[in-house]
Amino acid sequence: MTLAELDKLQADSLMEVANAADAETLEKVRIRYLGRNGVVPAIMKQMKEVAAADRPVFGKNVNQWRKEIETAIAAKGTEVSKAPSNKVLFDCSLPGRWHTPGARHPVSRVIEESAAIFARLGFSVADGPDIENRFNNFTALNTPAHHPSMDESDTFWMGGDQLLRTQTSPVQIRMMTSHKPPVRIITPGRTYRRDTTDATHSANFHQIEGLYVDTEPVSLADLKATLAYYAREMMGSEAGVRFRPHFFPFTEPSVEVDFSCHVCRGQGCRVCKMSGWIEIAGAGMVDPRVYEFVGYDPAKVFGFAFGFGVERIAMIKYGIPDIRWLYENDVRFLAQMR
Amino acid sequence: MKVPISWLNDYIEISDLSVRELADRLTFSGVEVESIDEVGARLDDNFVVGRVVSAVAHENSDHLSVCIVSDGTAEFQVVCGAPNVCAGIMVPFARVGAVIPGGGFKIKRARLRGVDSHGMICSAAELCLAEESDGIMIFDESVCAGTPLRELLPPPETVLDLEITWNRSDCLSIIGIAREFAALLDRPLKLPSVDFVESDAPVDALARIKVEAPDLCPRYTARVLRGVRDGVSPLWMRRRLEMCGVRAISLTVDVTNYVMLETGQPLHAFDLSRLAGQSIFVRRATEGEKIKTLDGIERELNSEMLVIADAERAVAVAGVMGGEESEINREGSEDVLLESALFDAASVKFTASKLGLATESCRRFERGVDPDLADFASRRATALLVEHAGAQVAQGMVDCDSRNFSNTCIELSFERVRQIMGVALSDDEMLRILESLSVYVEERSSERALCVVPSWRLDLTLEADLIEEIARLYGLDKVPSALPRTAAVSTLDDSFFYHRGRCRELLLGLGFTEAMHYSFLSAKELDAFDKRNVSGRAVIPNPVSADYGVLRDSLLPQMAASLGRNASRQVESAALFEIGRVFRRDDQGAIHEDERVALGIMGPRGRAAIDRRRPVTDEEAVLWLKGAVEALTDALHAGELTFKLSEHPAMERGWCADIILNGECIGCVGLLAAALRHHWRMSLPMPLAELRLAPLLSGVDKIAVIEPIPAYPAIKRDVAFISDSSVTHHDVLECIHAAAPEELTKIELFDIFVSKEIGKGRRSLGYTLSFRSTKRTLTDQEVNESFVKIVRTLKEKLKVDIRDS
Ligand SMILES: [Zn+2]
């Protein structure tokens, strides 16, 4: 075989690769040239028949040719495989086979998200028992002696001085009696009130309260900013807050806090009863009488406190119409919280 | 509290402000307007006075009448269902085309049981003049047929329904609200007239008063009014009472109620002739003393309750409710003793709640009545009775006054106000606000002011209270939102919260969904699970219902119930967990709490999605949950975990094991007893587990120490054998380990099955043994030698039959 013949063969082979219409033809071409008994190995075996002077060039050309065919087949192969084919190897519409993770309970989700938001403002999480005493739950929180919240009809008294806490504020009392200011905490936890269960009431519910007491001045303006930050982080960047004066025994001044409605962005809708605002929290500057109860000097400390219902936030944020859904544990409801 | 705007306007000029504006001003200064109600309605021209010309019974009905009604120009046939319709009366008449207020329907020509009806004769309710009415409204005969009703009936009124916070007892009156507006709008307050002429007869000669319990009644005043002509109150007064939700009864009673709503001072009128000895004793009741209160119920009193008594018996429960026997009789003219007193708040609250009474009077006393108000209110009521009932007022007033009252003085630091509000408010502005609330400044320096609080503001006792007043009247919307300027780090330890969160996160990753149950449930539900320690249960003395009567001492009953409920709702499978507290009462009665984790699986949850038809075996179900517990403890670095067969009343016998962590039992895992499972008609086994949380979290902070990745390859050998079912996996592991060299690094169970061929009571087990050295590559030969020794030991010690592979 001469170098010219080799050139011709080389050109033909590349043409054949280029013309192969499908993977099957291409494979035939590959076998014809590169297979064990293919043209290229055969030519290699015929090397000794080539003129001695041509041999080095011939050998080099054959090797180069092999590489070219291989490259061409590989390139063509990708091209051919992209061509439509009726043969399905992978029914990608079949259901996948891996287990799904579980879903966090909406109440836990709100608590964990809230803890993360307040952590960014330097608040730690504090905890206390569900079973509290009169001092922590009422007295130290400056509840007036005849306030109806202490009645048997409102509070679960558990014998003696024990009761199921009606708010998580007793944790604030525990923290203040055991720590010097500054105290900057949120207190998520379970609370109990003797309410008859309906769509918006539950005798067993959760609260998050916050407390910031310092020896530096802390003002209503700081409170407003803290809750405004929380509103934005929790309900979306456009959420705003509004204060309305109110009364709580443990704060003075006391305010009720509205968040602007995240559904209509303040325009008025069914969720916010057309007001553009949703009542979320109670808050205020800590009443000096509370400081006296926990052993702080009322003249030397400043502080604010706030509190809101976890279920209420969950219901508003996720559009849950009935508080009972949160305790029914129907997995078709719970699974949606993934 | 309901406040008609027209009434408010008697004391403060507010007619130039819209209702919306008034409501917003109140709401944003601390008195929340819950709703704005319209009372009465705008009536169109088709509502006129009609004269009933004739009324005859309907032929086809026993309660309908067919009437001819004249509107002055034309006559209409109208079918009417009211029992009080008769010929000759003047009635409100809605002609065809009139739109009934409230409901909004339009009067059309109608045919009622075969008779045409052209219009409607209206009741007070249909005209939105009353909540309900018994029949049609009847005018007196002086009105003319055809007069538009608009001209005769009171115009529609707007009533604000207010939520008065606990501290603001001063706002439980129309004048109290007017005072708020006076401060908010900086306008003068106009108080009503309390002038009247007294007769010559001195009051002391007509009635004797003795306060025997001055601790519970710091002040008791009485006036005597003679010749009171009781009867129906004027329409405006009845209407105002009704708008405030108080039923009109008779002039004397209505006046006392009217003045209470107006001023906030509860009053009581006694029929003087029915007071034995014409005397009043304010004393504690005798134990078991009885009184029939105005509501007609006989009530038994005790010695802690304060009563108003005459010479013989209790005639009223002080501050709560009057007695029937001294009630003002509506007929005729009589002598009235008008009580205006100050009773102790705690005492009134105690008595009212003991007797189960919640009257407008006790609502005010409980929360605190202005200690200076008794005389003013008494005068006001007297003036009204003189004007409307022709009363002759005895000279003077009996006044048993043992009050120890002086106005509260509070020192206010101007700087403190600015610090707390976060607003640079001037000293003058602060004092201007306080003075608008009748808080007077007695002394003032450059730094502070000494402020005197008016008698009705019982809630203002500290500097903080004054700061609140300044803040709410200044306007909370004007308080800026400062960027938090606090240190970003709190040094308090809150790792418990994040550790619990880590446990939750792992369980979610393991495919368990978080459930949450009430802390209480019924004793019955707990009994069904575990009756071993009933005496240690924390029973709730005043539960909402028996279904929530006991604090839970285990999370399992509710977990099983929720899984069962899901199954009964056609949910195929579910894996749930709960992290929650349980409660136990000790012998001393103290309640202790502990936090636990419960896990449960319902249905073929551990199977691949397309392998769910095959029945789930008891063993695989319980092993799913065991696997989850193992994965959880492992990921939490909780320590060494083992399981030990045990028993639990709620678990199927033989299918329960204690969970032992680092040698300590922290809970159990098992299959719910079939009897309990069948409650939800579940055929599949339901594995449940409950663990204490604290030990699980004890190692969560442990830092992993990394071992090097193996440098030399492992050589694996499989062994499969048939053994007696009593040979446990644990037995096999022990046996292999005992015979193996230290290079045996791993033993894995790869197969387990039972079959007919193998025979009853026997099972086939297959293990892969991995040998590996940390120092060199092992040779086949040395591994084979070890393997042969292991197989021989298994045969000898555990009597297994080796299967050929
Ligand atoms: Zn909205």
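Numbered from 1 within each chain, the chains take letters A, B, ... in sequence-line order. Please read these numbers as outputs of a predicted model, since none were measured by experiment.
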Chain B contact via A:Arg242 - which portion, at a heavy-atom distance below 4.5 Å: side chain

Residue selection (most heavy-atom pairs with chain A, distance under 4.5 Å) from B:Asn542, B:Val479, B:Leu563: B:Asn542

Distance flag, aromatic centroids of A:Phe123 and A:Phe118, threshold under 6.0 Å: yes

Contact class of A:Glu256 relative to chain B, heavy atoms under 4.5 angstrom: side chain

A:His105 and A:Tyr327 aromatic ring geometry - parallel, tilted or perpendicular at 30°/60° bounds: tilted

N-O pairing of A:Arg165 and A:Asp130 below 4.0 Å: yes

A:Leu164 portion near chain B, given a 4.5 angstrom heavy-atom threshold: side chain

Largest heavy-atom contact set with chain A, pairs under 4.5 Å, which of B:Pro480, B:Ser562, B:Gly422: B:Pro480

Chain B contact via A:Ala103 - side chain, backbone, both or neither, heavy atoms under 4.5 Å: both

Part of B:Glu593 lying under 4.5 Å from any heavy atom of chain A: side chain

Between B:Ile420, B:Leu462, B:Thr165, the one whose heavy-atom pairs under 4.5 Å with chain A are most numerous: B:Ile420

Interface residue of largest heavy-atom contact number with chain A, from B:Tyr518, B:Phe28, B:Tyr498, under 4.5 Å: B:Tyr518

Which atoms of B:Leu507 approach chain A - backbone, side chain, both or neither, heavy atom under 4.5 Å: neither

Selection from B:Trp166, B:Phe496, B:Phe497 maximising heavy-atom pairs under 4.5 Å formed with chain A: B:Trp166

Geometric class of the A:Phe304/A:Tyr212 ring pair [parallel <30°, tilted 30-60°, perpendicular >60°]: perpendicular

B:Asn167 side chain near A:Glu252 side chain, heavy-atom distance below 4.5 Å: no

Side chain proximity check, B:Asp459 to B:Asp465, heavy atoms < 4.5 angstrom: no

Which atoms of B:Val539 approach chain A - backbone, side chain, both or neither, heavy atom under 4.5 Å: backbone

A:Met285 portion near chain B, given a 4.5 angstrom heavy-atom threshold: side chain

Heavy-atom side-chain proximity of B:Met516 to A:Arg190 below 4.5 angstrom: yes

A:Phe248 versus chain B, the contacting section by heavy-atom distance below 4.5 Å: neither

Any side-chain heavy-atom pair of A:His201 and A:Thr196 under 4.5 Å: no

Among B:Glu366, B:Glu595, B:Met421, residue most engaged with chain A (heavy-atom pairs, under 4.5 Å): B:Met421

Ring center gap for A:Phe156 and B:Phe520 short of 6.0 angstrom: yes

